[in-house]
Trainee: 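Following this message is one structure expressed as structure tokens.
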Amino acid sequence: MQDNRTTVRTRFAPSPTGYMHIGNLRTALYGYLFAKKEGGKFVLRLEDTDSKRYVAGAVQIIYDTLKDAGIVYDEGPDVGGEFGPYIQSERADIYRKYAEELVRRGGAYYCFCDKERLESLKDENGVGRYDKHCLHLSAEEVARRLAAGEPYVIRQNVPEEGSGTYEDLVYGTVTVDFKDIEDGILLKSDGMPTYNFANVVDDHLMGITHVIRGSEYLSSTPKYNLMYDAFGWERPQYVHLPPIMKNAHEKLSKRNGDASYQDLVAKGYIPQAIVNYIALLGWNPKDNREKMSLAELEESFSLAGLNKSPAIFDEPKLRWLSGEYIKEMSDEAFAACARPFLEKSKVYGKYDEAKVLRLLKTRVEILSEIPEKIDFLEEFGEIDPALYNNKKMKTDASVAAQVLPAALQALSAAECFENAPLYEAMVALAAQNGWKNGQVLWCVRIALTGRESTPGGASEMAELLGKERCIRRLQQAADALNRA
RNA sequence: GGCCCCAUGGUCAAGCGGUUAAGACAUCGCCCUUUCACGGCGGUAACUCGGGUUCGAGUCCCGAUGGGGUCACCA
């Protein structure tokens, strides 16, 4: 086990190749949570050794997303730290130095084989591993070809016999036969290291104690251990994470058109809910809590709660959580995050915003639902008489024809156009005429909105609409009924 | 295909040899009610299949099946 005196250091090491995927974010979150829980440090390192895959702007997305999600790193490219640089492309000299040392230690060797020869090693299915051809080159020949400036790579020298075993903190004992591991390239001909080498060198140099990453590295970890051993370095603890799936067969990925973190935010999911939800995909606190703030997650996170099987991303549940976060927001907070969506509505600015927001708060789970929930306020047109039919309320168009003129009169007389007094006025009206409350309320609401379902009852809609509009609409509806 | 890994309701997921197999989301129904929503109550729904081990298996072992990952000068 890890020495207790060693402070925990975890890292998130993304490649700036595009969007921040949900799976990546979760990996970052777990690394962060574990470091916080253990009182350790969380490091951000950019793995940009493949210039071909570099995407402009991707680095900024990484910074922004982590910041937005509340994941704060103690060391990183933009915040510094004593183990920098934290960008791999700025560490080329370091990798070369260590690669050469690994060659001296027998853990790696120079290879001059060209593409054609490598291709010839593969069978009809495109599979076939490197045959260690250059391992057998004499020291003189290697020196001569190097001096002649021949292109080369440095390959790992994996034993032909035996196997590598390690204890993964979530998967347990993992064993892989060395014969199943190829002599992979550590240093590319362009002088840059591959992930396979850079991650080992950096994790060691940066003092990473716990490597938290996706399960795709589960079976390649033994070859990294071979390098730690060859260098005489202590191996880190490994925590491999199962993938987040889109369905039973496909991984969640941007390439499949699945939502990235920023896509979800743009769709109106509350960031806090997204973080909360992904924390629950593959992990659970023993106490069964589900809605947890970042601080609570930091407090209760434990590797013991990590699951080994893939989890399917379930948007309905995220939706529910998002709604929970909205419901507990202060009016000010809700107004602030709802405003951008309110502005997209056709009725923006035409109604009392505080009133609109109050009605929306318990009826919206993701902010993008806002426009569709209130746009009807401007879509008032002919009312289908059938809408007045309601069995439970015992109303229909003929009842409405009696109720509406009376309601028109009552509302015209109302002095205070607010929900409570308006409600009382309508209830009183019902009592006077021997109608059921529902008969008045239902008919008025239909007349006012033309909708079977609205975000609020008759008096709430009346207050929102305002006296003038109410009178006009009620009049219109009553006239239409008379003509019929 | 070789190798590695995984397997409880539709989804997340508890369980770590003896349970009426939790809980949440979704779904369905009821209540509340001024439609909708909120809130409250309740229902439907799961241990992939075979073999072992054991007095006893969702829990341990083996196999099958299914699924995922990996076999790049990508990470």
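Sequence lines set the chain letters: A, B, ... in the order given, protein chains first and strands last, and positions in each chain run from 1. These numbers come from a predicted model, not from an experiment.
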Trainee: Does the structure show A/Tyr423 stacking with B/U34, if we require the centres to be closer than 5.5 Å and the planes to be within less than 30 degrees of parallel?
Mentor: yes
Trainee: Checking all strands, does A/Glu47 fall into the base, sugar-phosphate, or nothing category for heavy-atom contacts under 4.0 angstrom?
Mentor: sugar-phosphate
Trainee: At 4.0 Å (heavy atoms only), tell me whether A/Lys223 reaches a base, stays on the sugar-phosphate, or touches nothing.
Mentor: nothing
Trainee: Run the ring-centre check on A/Tyr19 versus A/Tyr261 and record whether the distance is less than 6.0 Å.
Mentor: no
Trainee: Just name whichever nucleotide pairs with B/G39, Watson-Crick or G-U, keeping both distances under 3.5 Å, else none.
Mentor: B/C31
Trainee: At under 4.0 Å, does any side-chain N or O of A/Lys291 touch on OP1 or OP2 of B/C25?
Mentor: no
Trainee: Whether A/Lys308 contacts B/C6 is assessed here as follows: a side-chain N or O lying under 4.0 Å from the phosphate OP1 or OP2. Is that the case?
Mentor: yes
Trainee: Could you check whether A/Asp168 gets within reach of a base, just the sugar-phosphate, or nothing at all, counting any heavy atom under 4.0 Å?
Mentor: nothing
Trainee: Looking only at side-chain N and O atoms, does A/His249 come under 4.0 Å of OP1 or OP2 in B/G68?
Mentor: yes
Trainee: Using only heavy-atom distances, decide whether a donor-acceptor pair under 3.5 angstrom links the side-chain of A/Arg445 to the base of B/U35.
Mentor: yes
Trainee: Determine the contact category for A/Thr221: base if any of its heavy atoms lies under 4.0 Å from a base atom, sugar-phosphate if only primed atoms, P, OP1 or OP2 are that close, otherwise nothing.
Mentor: nothing
Trainee: Does the side chain of A/Gln88 reach to within under 4.5 Å of the side chain of A/Leu46, using non-hydrogen atoms?
Mentor: no
Trainee: A/Met426 near the nucleic acid: base, sugar-phosphate alone, or nothing, with a heavy-atom cut-off under 4.0 Å?
Mentor: nothing
Trainee: In whole angstrom, give the distance that lies between atom CD1 of A/Ile181 and atom P of B/C71.
Mentor: 12 Å
Trainee: Determine the contact category for A/Lys179: base if any of its heavy atoms lies under 4.0 Å from a base atom, sugar-phosphate if only primed atoms, P, OP1 or OP2 are that close, otherwise nothing.
Mentor: nothing
Trainee: Measure CD1/A/Ile185 against C1'/B/C71 and give the value in whole Å, please.
Mentor: 14 Å
Trainee: Who does B/G58 pair with, Watson-Crick or G-U, both distances under 3.5 Å?
Mentor: none
Trainee: Determine the contact category for A/Asn284: base if any of its heavy atoms lies under 4.0 Å from a base atom, sugar-phosphate if only primed atoms, P, OP1 or OP2 are that close, otherwise nothing.
Mentor: sugar-phosphate
Trainee: Hey, is the side chain of A/Lys52 poking within less than 4.0 Å of OP1 or OP2 on B/C74, counting only N and O atoms?
Mentor: yes
Trainee: Nearest to the side chain of A/Pro243 - B/C5, B/G68, B/C36?
Mentor: B/G68
Trainee: Give a yes/no on whether any side-chain N or O of A/Asn307 is located under 4.0 angstrom from OP1 or OP2 of B/A14.
Mentor: yes
Trainee: So A/Leu29 and A/Leu294, do their side chains get closer than 4.5 Å, heavy atoms only?
Mentor: yes
Trainee: Have a look at A/Ser309 and say if it touches a base, only the backbone sugar-phosphate, or nothing, with a 4.0 Å heavy-atom cut-off.
Mentor: sugar-phosphate
Trainee: Please confirm whether the shortest side-chain N or O distance from A/Lys327 to OP1 or OP2 of B/G39 is below 4.0 Å.
Mentor: yes
Trainee: Counting Watson-Crick and G-U wobble pairs only, both distances under 3.5 Å, name the nucleotide matched with B/U70, or none.
Mentor: B/G2
Trainee: Distance check, C1' atoms only: B/U54 and B/C62, in whole angstrom units.
Mentor: 16 Å
Trainee: Students often get this wrong, so: under 4.0 angstrom with heavy atoms, is A/Gly214 touching a base, only sugar-phosphate, or nothing?
Mentor: nothing
Trainee: Counting Watson-Crick and G-U wobble pairs only, both distances under 3.5 Å, name the nucleotide matched with B/A14, or none.
Mentor: none
Trainee: Report yes or no: does A/Arg145 contribute a side-chain atom to a donor-acceptor pair with the main-chain N or O of A/Cys111 at less than 3.5 Å?
Mentor: no
Trainee: Students often get this wrong, so: under 4.0 angstrom with heavy atoms, is A/Ser189 touching a base, only sugar-phosphate, or nothing?
Mentor: base
Trainee: Examine distances only and state if a side-chain atom of A/Tyr73 and a backbone atom of A/Pro77 form a donor-acceptor pair shorter than 3.5 Å.
Mentor: no
Trainee: Between B/U65 and B/G39, how far apart are the two C1' atoms, rounded to whole Å?
Mentor: 46 Å
Trainee: A/Tyr166 and A/Tyr228: aromatic ring centres closer than 6.0 Å?
Mentor: no
Trainee: Please classify the nucleic acid contact of A/Thr49 as base, sugar-phosphate, or nothing, using heavy-atom distances under 4.0 Å.
Mentor: sugar-phosphate
Trainee: Hunt down the Watson-Crick or G-U wobble partner of B/U65, both distances under 3.5 Å, from any strand shown, or write none.
Mentor: B/A7
Trainee: Let's see if you can work this out: which of B/C25, B/U34, B/U11 has an atom nearest to the side-chain heavy atoms of A/Ile312?
Mentor: B/U11
Trainee: Kindly say whether, by distance alone, the side chain of A/Lys317 makes a donor-acceptor pair under 3.5 Å with the base of B/A24?
Mentor: yes
Trainee: Need one value for A/Phe313: base, sugar-phosphate or nothing, where a base atom within 4.0 Å counts as base even if backbone is also close, heavy atoms only.
Mentor: nothing
Trainee: Answer with base, sugar-phosphate or nothing: what part of the nucleic acid does A/Ala248 contact at a heavy-atom distance below 4.0 Å?
Mentor: sugar-phosphate
Trainee: Going by the side chain to side chain contact (heavy atoms under 4.5 Å, CB included) test, name the single residue among A/Asp183, A/Leu186, A/Val153 that passes it with A/Tyr109.
Mentor: A/Asp183
